[in-house]
Amino acid sequence: MARIGVFVCHCGENIGRTVDCARVANELRDLPGVAHSVDYKYMCSDPGQSIVKQAIREKNLDGVIVAACSPHMHEKTFRRAVASEGLNPFLAEMANIREHCSWIHEDREKATDKAIEVCRSIVEKVKHNVPLETIRIPVTKRALVIGAGIAGIQAALDIADGGVEVVVVEKDPSIGGHMSQLSETFPTLDCSQCILTPRMVELYQHPNVKLITYAEVEEVSGYIGNFKVKIRQKARSVDADKCNGCGACAKACPNKKVPSEFDTGLGTRTAIYVPFPQAVPNIPVIDRAACALFRGRAKGLKKEACAKCREACSREAIDYDQQDTFIMQDIGAIVVATGYQLYSIGKDQPAGLTGYGEYGYGTIPDVIDGMQFERLASASGPTGGRIVRPSDGKEPKRIVFLQCIGSRDPAKGIEYCSKICCMYVAKHTMLYKHKVHDGQATVFYMDIRAAGKGYEEFTRRAIEEDGARYIRGRVSRLYRDGEVIKVQAFDTLSGEPILMDADMVVLATAMRPQPGIQLLAQTLSASYDQHGFFNEAHPKLRPVETNTAGIFLAGACQSPRDIPDSVAMASATAAKVLGMFSKDQLEREPTVARVDVSLCAGCFHCERVCPYGAITHLEIRDRKGNLVKVVADVNPGVCQGCGTCQATCPSKSVELSGFTDEQIYAAINALVL
Amino acid sequence: MRIGYYPGCSLHATSREFDESLRATAVALDVELAEIDDWSCCGATSGHATSHLLSVALPARNLALAEEQGMQEVLAPCAACYNRLASASHSLREDAGLEIKIKEILARPFANTVRVRNVMELYRSLIPQITEKSAGRLKGMKVACYYGCLLVRPPGVLAFDDAEQPTSMDEICRATGATSVDWNLKVECCGGAFSLSRTASVIRLGRAILEDARKAGAEALIVACPMCHSNLDFRQSAMTQSGETPMPVLFLSELVGMGLGLSARDMGMKRHFVNTGPIEKRATETAAQVAAEAAAKAAKAAETAAKATAQAGTAPAGKGVA
Amino acid sequence: MAETSNGAFEPKVTAFVCNWCTYTGADLAGTSRLQMSPNVRIIRLPCTGRIDPLFIVKAFERGADGVIVSGCHPADCHYTSGNYHARRRFALFLELAGFMGIDPKRITFSWVSASEGGKWRDVVNDTVTRVRELGPFTAYRELAGKP
């Protein structure tokens, strides 16, 4: 006969007001198998927990029910208390009589009846609970960081400084991400490259860091502590070991007219190129789509159309026949830091976004986006830091900035706020004023969102000291009138339509997740939201974790983030990873499936429905070593405990610990009579 | 090709030339326009300003009739009619409650299966035929395509072209050989139904449109909306300053008709307020020039062929001609 | 089936819900103090994928008048795809329910996310109202020869 203790909590007035807790305790006391039943004002308080502990000791209990709030609230609390008395924590369960009873009903009698029934059902379930042991799994102490923008660099450095190996995978030829393209950063106006490039070099030289650039994560299998990652090293067409970064190849390349991605199309590069002078590693890549040799090969030319770079290279580092290679790595934890892309304002849009035809981006040359302005303002940019019109190279005397292009505009497909635009537009107006002293910057805004340390002061400075004119309202249309851009807008504060002239217009476009991020999320079995940003495990309490154990998030892959946020997140992920790696074995809840090999017929339906690939094949052999049968087996490290296998199993030979058929049927039987 | 036809009130009154030209081009392009029998008002202007229910019920009646008469598609040339019919069909698809109400009001079977098309959609589907039959007759003529506000909006409902940078009318014009100029105000408002109540605004808006089209070098403004046409044509004298050349405002169907070589008289172009004589003359000129060029080309081709044949006499047989 | 003191029929409804979405959504309904019918008893499972159709049959056999099955919205499953398996399983089961003497109207399948406390209340109230109209489920009792 079971010896179960029932502890009914009043939760102050929260439960006591609508549920007669004393009656609940009394009625349950008479239930077979219940050895002890009491009620108390606050069960989760220290004295409350003591009541539970004392009863376990004195009444020699072998099961505990706490009838109180949701198990999501306090199941862990009470299981810890129970464990401290030497009772297996999985013999304790909670009956939810607060969220699911006292708070949603007014009729005291009906609520009390319901509470009794809910408790009775849990009592019957607990009678079938068995002690479960925490599962321990080994952990590979090597982290993977995907993406080497500022977030990835910071996360990798923090982890590496903690004494752990880090593999960093970057899809572009150089690390640095978007931050390397910026001119100055808000709210301090210090030069972006000046603060970033030392970090890039540090990462490159760190003894604990293995940096793989121009590469992508192809496959991820395994589970927390034990991931196997397949990385595709794209063919650079340059032997990285031989190359010394002298740059002779790029000088020799005849195709100098390729639009530079780094300069957002405002500048050009060669077909064999290093994205920017401070690139890390300083090893060029051949853009095969732009290279005459590869274009010739694609056309089937027998003779090499060009080999100027190979001729120029004194170290024989150019390898036209290089192929993509694959690198396998054992990894314990993964940090995703894939960052963002800007909303494309042109006409071609992914499904669900409609673009901004009315702003003529792409047809009016002097309508540019925020990143292009950064490149114009940057000392390392195509104009050497002179702010000029792309159309005629003249200095714009009237510049207009449009905020919220793509953001906060459900009609165009995105309803969220991109968070950084208010600040970078304020920064742009200041950079502009510092370079074009007689120029006038005008900003069209919806709201100014300057929440952050020193941010509000920064925008005020833009307005008060640098004379930026802020007009609250949307621009409905931009069009050309000779050399001038006409800005047709509406001032929502004065209620007046506006038609003004501008020499240049900058669109502060929204932040969107990187293209292909859904595919990566699927590879990682992590979830993403309707916009494609990664989902965090909890928006407040677990902001840098995903719901997939061992996978963490840093920076703008989770939502629009500025640099300080991204860096803070990156350090947080590093703390999580290092914390995880501080143990030799990981512990996890034992609510996993187990197979009864004597019953299993080896149909492997379970294998087909398992979302995690946790089912493996186990060969059963007799003493002589003859194969008797092949059955299913569950890898407890991979199993997440959904129980889909159990509901699918025709012979009921797989069971989910903690939610066995026995337990559930007992609970059903107790509910309705 | 057979398509249901909903002319609406405008095409029987102020914009008869739209109706006539459209029918004329339809004949030339082998399209049969089957007018919906017993059609009624679409609910534009006063209808939809009075009651939302009415603004859906009126078009629904016409769509139900079209369905009854076995039509899969209905052409609504007037932009306002098109907008009303398409919007109503869209609302009925989206709102099950509304659908039940409307079915009660209609008291006739209605499955909302008819697709509503406008003139641009029709012509766009016929671009190969237009290109072939016009043979570039209007080559060199510069026109500004003016879409106005209703034809491509709201984007969620009328999703056949980009709402802010539409191009379908430009493509159609190019099929006749004409050049569609790149200009700014192709989707600006002309003042619409305020022509009578707030004439000054309409004149201000219309002037901006005409000026921008003129600046872009357009010889004519092409529209596909009776409202735009009446504003820009009928009120153009007030929008034009002395010394400026008037800008003919043509319905898209009239331009296509000119491209197909139809006579202006058959298309009712005499009803315009701005004299269309110069543009008709211009069309004759371009046609003559295109014909002359074609003739010259043909002559040259014949000459080359003759030369080739002459050479073929000396060269091994069969090789020279190829 | 239960009767109140005044003899009116009070349906008993058993709800099988997943731990991550609907159970949490029901918690939210509680914290938001959304009042709802007290006729529903919740059985918490990790995932709708764990819910065996036999649980439903068992509930009816034991005297339930209605059953709710609810989990994460498609694509939101905490376990990636458990709810898809559940969806197929219950689409099939609904076909079978009639054959087993259970009016499919007694069974509610729904997706209630962790943020949809209000939707949970509606699911509960709608199901109870519907089952109340259908009256007590007696088919299995009659089979067993019980009154």
Side-chain angles (χ1 to χ4, degrees), chain A residues 14 69-73 93-94 96 98-107 109-111 113-115 117-118 121-122 125 522 525-528 530 535 547-548 591 593 608-612 640-649 652 656 658-659 661 664-665 667-673, chain C residues 1-2 4-5 10 12-14 16 18-20 23-24 26-56 58-65 75-86 89 117 120-121 124:
Chain A
N14 279 313
C69 49
S70 168
H72 290 164
M73 194 78 170
E93 298 245 6
M94 293 191 71
N96 185 344
R98 191 179 74 171
E99 283 86 345
H100 292 188
C101 189
S102 73
W103 275 352
I104 54 169
H105 306 314
E106 275 159 353
D107 185 317
E109 195 192 339
K110 279 185 181 165
D113 287 345
K114 176 173 174 179
E117 221 180 290
V118 168
S121 166
I122 301 285
K125 185 186 175 203
Q522 283 156 9
S525 309
S527 62
Y528 48 87
Q530 74 264 40
N535 275 338
N547 264 328
T548 308
T591 43
R608 284 186 279 280
V609 299
C610 179
Y612 301 98
Q640 298 289 316
C642 67
T644 305
C645 53
Q646 185 173 4
T648 308
C649 180
K652 301 289 163 227
L656 179 64
F659 294 95
D661 273 356
I664 311 275
Y665 282 122
I668 300 173
N669 285 343
L671 265 187
V672 277
L673 286 166
Chain C
M1 180 181 88
T4 52
S5 47
E10 277 301 327
K12 287 211 161 199
V13 175
T14 306
F16 298 99
C18 84
N19 181 41
W20 302 100
Y23 194 89
T24 317
D27 276 357
L28 177 66
T31 31
S32 318
R33 310 296 199 277
L34 303 177
Q35 298 301 305
M36 64 185 88
S37 160
N39 302 43
V40 174
R41 308 285 181 267
I42 290 177
I43 291 186
R44 178 170 71 117
L45 294 145
C47 177
T48 42
R50 171 67 188 91
I51 301 169
D52 192 324
L54 289 177
F55 293 171
I56 302 172
K58 183 55 131 185
F60 280 115
E61 184 199 317
R62 296 293 295 178
D65 303 301
D76 276 354
C77 181
H78 179 77
Y79 302 103
T80 322
S81 60
N83 57 353
Y84 291 131
H85 293 293
R89 202 180 284 149
W120 174 247
R121 175 198 49 203
V124 163

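Keep in mind that what you see is a predicted model, and the values were worked out from it rather than measured. Residue numbers begin at 1 in each chain, while the letters A, B, ... track the order of the sequences.
When all heavy atoms of A:Gly641 and C:Pro46 are compared, the pair lying nearest together is O-CB, 3.3 Å. Nearest heavy atoms, C:Tyr79 versus A:Tyr612: CA-OH, 2.9 Å.
Using a 4.0 Å cut-off between charged side-chain N and carboxylate O, C:Arg50 and A:Asp661 make a salt bridge.
When heavy atoms are compared at a cutoff of 4.5 Å, C:Thr14 approaches chain A solely by way of its side chain, counted from C-beta outward. Heavy atoms of A:Phe659 lying under 4.5 Å from chain C belong to its backbone as well as its side chain. Interface residue C:Leu54: backbone and side-chain heavy atoms are both found under 4.5 Å from chain A. C:Asn19 touches chain A through backbone and side chain together, each having a heavy atom under 4.5 Å away. C:Val124 does not touch chain A: none of its heavy atoms, backbone or side chain, sits under 4.5 Å away. Looking at C:Ser37, only its backbone comes within 4.5 Å of chain A, counting heavy atoms on both sides.
The aromatic rings of C:Trp20 and A:His72 sit parallel, their planes meeting at an angle under 30°, below the 60° perpendicular limit.
Note: C:His85 leads C:Arg121, C:Glu61, C:His85, C:His78 in heavy-atom pairs under 4.5 Å with chain A. Contact count versus chain C (heavy atoms, under 4.5 Å) is highest, among A:Arg98, A:His100, A:Glu99, A:Glu109, for A:His100. In terms of heavy-atom pairs under 4.5 angstrom with chain C, the leader among A:Gly643, A:Cys101, A:Cys610 is A:Gly643. Residue with the most contacts toward chain C among A:Ile104, A:Asn14, A:Thr548, A:Thr644: A:Ile104 (heavy-atom pairs, distance under 4.5 Å). When each of A:Ser70, A:Ala111, A:Gly658 is scored by its heavy-atom pairs under 4.5 Å with chain C, the top score falls to A:Ser70.
The side chain to side chain donor-acceptor pair (under 3.5 Å) check on C:Arg89 picks up A:Thr648, with sequence neighbours excluded.
Going from atom CD of A:Gln646 over to atom SG of C:Cys47 covers 12.5 Å, rounded to the nearest 0.5 Å. Between atom CZ of residue C:Phe16 and atom CD1 of residue A:Ile664 there is a gap of 8.0 Å, rounded to the nearest 0.5 Å. Here the CG-CG distance, from A:Leu656 to C:Leu45, works out to 9.0 Å after rounding to the nearest 0.5 Å. Between the CG atom in A:Leu671 and the CD1 atom in C:Ile43 there is a gap of 4.5 Å [rounded to 0.5 Å]. Expressed to the nearest 0.5 Å, how far CD1 of C:Ile42 lies from OG of A:Ser121 amounts to 11.5 Å.
Side-chain N or O atoms of A:His105 include none that pairs as donor or acceptor with a backbone N or O of C:Gln35 at under 3.5 Å. Looking at A:Lys110, its side chain never comes within 3.5 Å of a backbone N or O of C:Asn39 through a donor-acceptor pair.
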